[in-house]
Amino acid sequence: MASVMDDPTLERYFTGHKDDVTCADFNSNCRQLATGSVDKSLMIWNLAPKGRAFRFISHQDAITAVQFSPTCNLVATSSKDKTVRLWTPTIKGDSSVFKAHTAAVRSVAFSHNGHKLVTASDDKSVKVWSVHRKCFVYSLNQHTNWVRSARFSPDGRLIASCGDDRSVRLWDTSSKHCINCFSDYGGAVTFVDFNSSGTCIASASADSSLKIWDLRTNKLIQHYQVHSAQINSLSFHPSNNFLISGSSDCTIKILDLLEGRLIYTLHGHKGAVLTVAFSKAGDLFASGGADGQVLMWRTNFDTKSYKDVLVQHSRRSTPDLPPHLTDIHPRVPHLHHPQASSIQVSPAVTDCQTTEPHVVEHSGTQSPSPEQAHRRLSEAFVKQHVADWTADEHASSSVNQTGHAPIGRAAREQGTSRPAEKVSSGPSSGLTSTLQHIVRQLDILTQTVSVLEERLTLTEDKLKECLDHQTHIINKGADRNLGRTVVSHSFTLVQT
């Protein structure tokens, strides 16, 4: 590992999103990085030098949060389109949709075993979902304004949530009750997360403050005021010794939690930093921002082996459920040399990536049915005739005023053209109203067909379930009859 005197270094950066990058998450084996954006796309970046990237599009609005499942076989995303999607991070990009919120969904996170999801929404609720059954389980409803973030504790016994009501709430997943509320904030609370041992939570606020609460004493133990604008995201290092934060002041801050001080300030993004995330091993972290870039950094600020720290955390000195005091890494001073609290790192980001990864596009929409194709062809046909009709009207008007021959579809097909100044009047008001009526009718028809397609899909699913159940019953009956026939035949042979 690099010397502790080295600053964090920019490993590489990824360009592929067409708008703000709002969220990022590493999978547990650190082979992939998932990012979401205002451009409505989920991108899976393979971190191998020549690995391909995948772009998945099914959401109808900006993606607000993304997270890999603990086993890395699923990726969850939340969106302003009021839905949550579960993706299979392969080239096929299959996904299933969860719908229960009535407003934009701001956050999504898996439980420690991957069996449940927790979501936070602008409808002022926190909801818990079953991943395997793909259904809503229960809702937590004591926030009085938009809920920005929600997370499970590492042991799954607690949920922490925060929002625009300037509070952080702790919920017991067994009783579904709010067991504590931290409200000492001067602005909306934008992000909350547990440390890896579940003993503390960190929260970020729009008033540029970052606070860490000890859940064993329910007291504020650290308060940092290091940013000059709203903090949008934070992430604990797996060792619990460090924390990174991203802010609208365009910087990333790295805090040493054991010494209680700011050790690095990273300048790399050309706009607000909207998301930061450590890898599961702690040797990398990613950041995304309003400049549409995804930056991947290597951590060079600690000499400890992160894997050894994680193994130590996994060993329990008591049979009781976590968290315990012994889960916290020993508080020993780090080897940082005395230096200014704010260090400028990489003020100008250079391209550390030799070649851009090949991006495989995948749209979540299914292939159009014959009816859809016919409808789209009809719409195109009508639009073409409308354009021809309008052009003929223009040309006729020009004939009446200038004496020139009309230029319509037949003339255009021959390659002739007419100067723009020769057209002096538009289509009649009656024609305009007729065309508007046709467009409205097409919109109604499109919505009707969409509803019918959804109902047909549900009917097909139910029919398939019934057929599978009936086939199972028939097979069991056949096996039972076969057994009886064999027994009867054996008995006849014995009698003979």
Side-chain angles (χ1 to χ4, degrees), residues 17 19-25 34-44 56-69 74-89 93-111 114-152 159-165 167-169 171 173 176 188-194 203-204 206 230 232-234 274-275 277 288 364-365:
H17 283 297
D19 212 324
D20 300 4
V21 178
T22 56
C23 49
D25 189 49
T35 57
S37 170
V38 174
D39 65 11
K40 309 176 188 178
S41 70
L42 163 69
M43 294 198 71
I44 306 292
F56 305 124
I57 302 176
S58 280
H59 281 293
Q60 304 303 309
D61 208 334
I63 294 178
T64 56
V66 63
Q67 192 176 72
F68 277 98
S69 66
L74 293 172
V75 177
T77 55
S78 60
S79 171
K80 287 186 178 180
D81 65 7
K82 308 177 187 178
T83 69
V84 173
R85 281 189 175 271
L86 278 181
W87 305 81
T88 303
D94 297 330
S95 68
S96 54
V97 63
F98 290 19
K99 295 181 180 179
H101 285 292
T102 58
V105 187
R106 298 285 178 178
S107 169
V108 63
F110 282 95
S111 61
H115 294 167
K116 288 184 171 62
L117 282 173
V118 61
T119 57
S121 170
D122 286 358
D123 62 11
K124 306 177 186 179
S125 73
V126 176
K127 295 187 185 296
V128 176
W129 313 73
S130 169
V131 173
H132 299 303
R133 290 188 292 147
K134 298 181 180 179
C135 66
F136 162 74
V137 181
Y138 61 86
S139 185
L140 307 172
N141 298 296
Q142 289 189 26
H143 280 284
T144 58
N145 208 330
W146 293 359
V147 189
R148 296 287 183 175
S149 179
R151 289 287 188 275
F152 279 105
I159 291 174
S161 62
C162 66
D164 285 10
D165 59 3
S167 72
V168 174
R169 291 184 177 272
W171 311 83
T173 56
K176 319 298 190 295
V189 189
T190 55
F191 201 91
V192 67
D193 200 4
F194 289 87
S203 58
Q230 171 176 306
N232 300 307
S233 180
L234 58 84
L274 303 178
T275 182
T365 56

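Numbers here are sequence positions counted from 1. A quick note: this is a predicted structure, and the numbers were derived from the prediction, not measured.
Residues V118 and F110 are not in side-chain contact: their nearest non-hydrogen atoms beyond the backbone lie 4.5 Å or more apart. Within the 4.5 Å cutoff, side-chain heavy atoms of D193 are placed close to those of L234. Counting heavy atoms from C-beta outward, T77 and H59 have side chains that approach closer than 4.5 Å. Using a 4.5 Å heavy-atom cutoff, the side chains of K40 and S79 are not in contact.
Counted by atom type alone, S130 and H115 present zero donor-acceptor pairs between their side chains at under 3.5 Å. Neither side chain, R151 nor S161, offers a donor N or O lying under 3.5 Å from an acceptor on the other. Side chain to side chain, D20 and T22 fail the donor-acceptor criterion of an N or O pair below 3.5 Å. Remark: the H143 side chain and the S125 side chain contain no N/O donor-acceptor pair separated by less than 3.5 Å.
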Open item on the list: Apply side-chain contact (heavy atoms from CB on, under 4.5 Å) to residues H17 and S41 and explain how you reach the verdict.
Closed with: CA-CA 8 Å; H17 283 297; S41 70; 3.3 Å; yes
TODO: Output, in order, the C-alpha distance, side-chain angles, deciding distance and verdict of side-chain contact (heavy atoms from CB on, under 4.5 Å) for V66 and L42.
DONE: CA-CA 8 Å; V66 63; L42 163 69; 3.8 Å; yes
Open item on the list: What verdict does the side-chain contact (heavy atoms from CB on, under 4.5 Å) test give for L117 and L86, after you've listed the backbone C-alpha separation in whole Å, the side-chain angles of each residue and the deciding distance to 0.1 Å?
Closed with: CA-CA 10 Å; L117 282 173; L86 278 181; 4.0 Å; yes
Open item on the list: Determine whether S203 and C162 satisfy the following criterion, side-chain contact (heavy atoms from CB on, under 4.5 Å), listing intermediate values before the conclusion.
Closed with: CA-CA 8 Å; S203 58; C162 66; 5.9 Å; no
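Here the OG1-CG distance, from T275 to N232, works out to 9.0 Å after rounding to the nearest 0.5 Å. Atoms OH and OG1, from Y138 and T173 in turn, are 5.0 Å apart once rounded to the nearest 0.5 Å. The structure places CD1 of I63 at 7.5 Å from CG of D39, a figure rounded to the nearest 0.5 Å. The CD1 atom of I159 lies 9.0 Å from the CH2 atom of W171; values are rounded to the nearest 0.5 Å. In this structure, CD1 on I57 lies 10.0 Å from OG on S37, to the nearest 0.5 angstrom. The structure places CZ of R106 at 13.0 Å from OG1 of T119, a figure rounded to the nearest 0.5 Å.
Tested against R148, the residues T190, D164, D165 include a single side-chain hydrogen bond (donor to acceptor under 3.5 Å, both in side chains) partner, D164.
T64 contributes a side-chain N or O that, together with a main-chain N or O of S78, makes up a donor-acceptor pair within less than 3.5 Å. A donor-acceptor pair under 3.5 Å links the side-chain atoms of S111 to the main chain of K116, judged by distance alone. No side-chain donor-acceptor contact under 3.5 Å links Q142 to the backbone of L140. Counting only distance, with no hydrogens or angles, the side chain of T83 and the backbone of V97 share no donor-acceptor pair below 3.5 Å. In this structure, the side chain of Q67 does not engage the main chain of V75 through any donor-acceptor pair within 3.5 Å.
Closest of all the heavy-atom pairs between A104 and S121 is O-OG, 2.9 Å. Nearest heavy atoms, V128 versus F152: CG1-CZ, 4.2 Å. Summarising the geometry of T35 relative to A24, their closest heavy-atom pair is CG2-CB, 4.0 Å, with the distance given to 0.1 Å. Residues V189 and S167 approach most closely at CG2-N, 3.8 Å, considering heavy atoms.
The salt bridge (charged side-chain N to carboxylate O under 4.0 Å, His left out) contacts involving residues 123-147 comprise nothing, where partners must be two or more places apart or lie in separate chains. Sorted pairs that involve residues 75-88 and meet salt bridge (charged side-chain N to carboxylate O under 4.0 Å, His left out), not counting sequence neighbours, are lacking altogether.
Not counting sequence neighbours, the partners of F98 by the ring pair (Phe, Tyr, Trp, His ring centres under 6.0 Å) test are W129.
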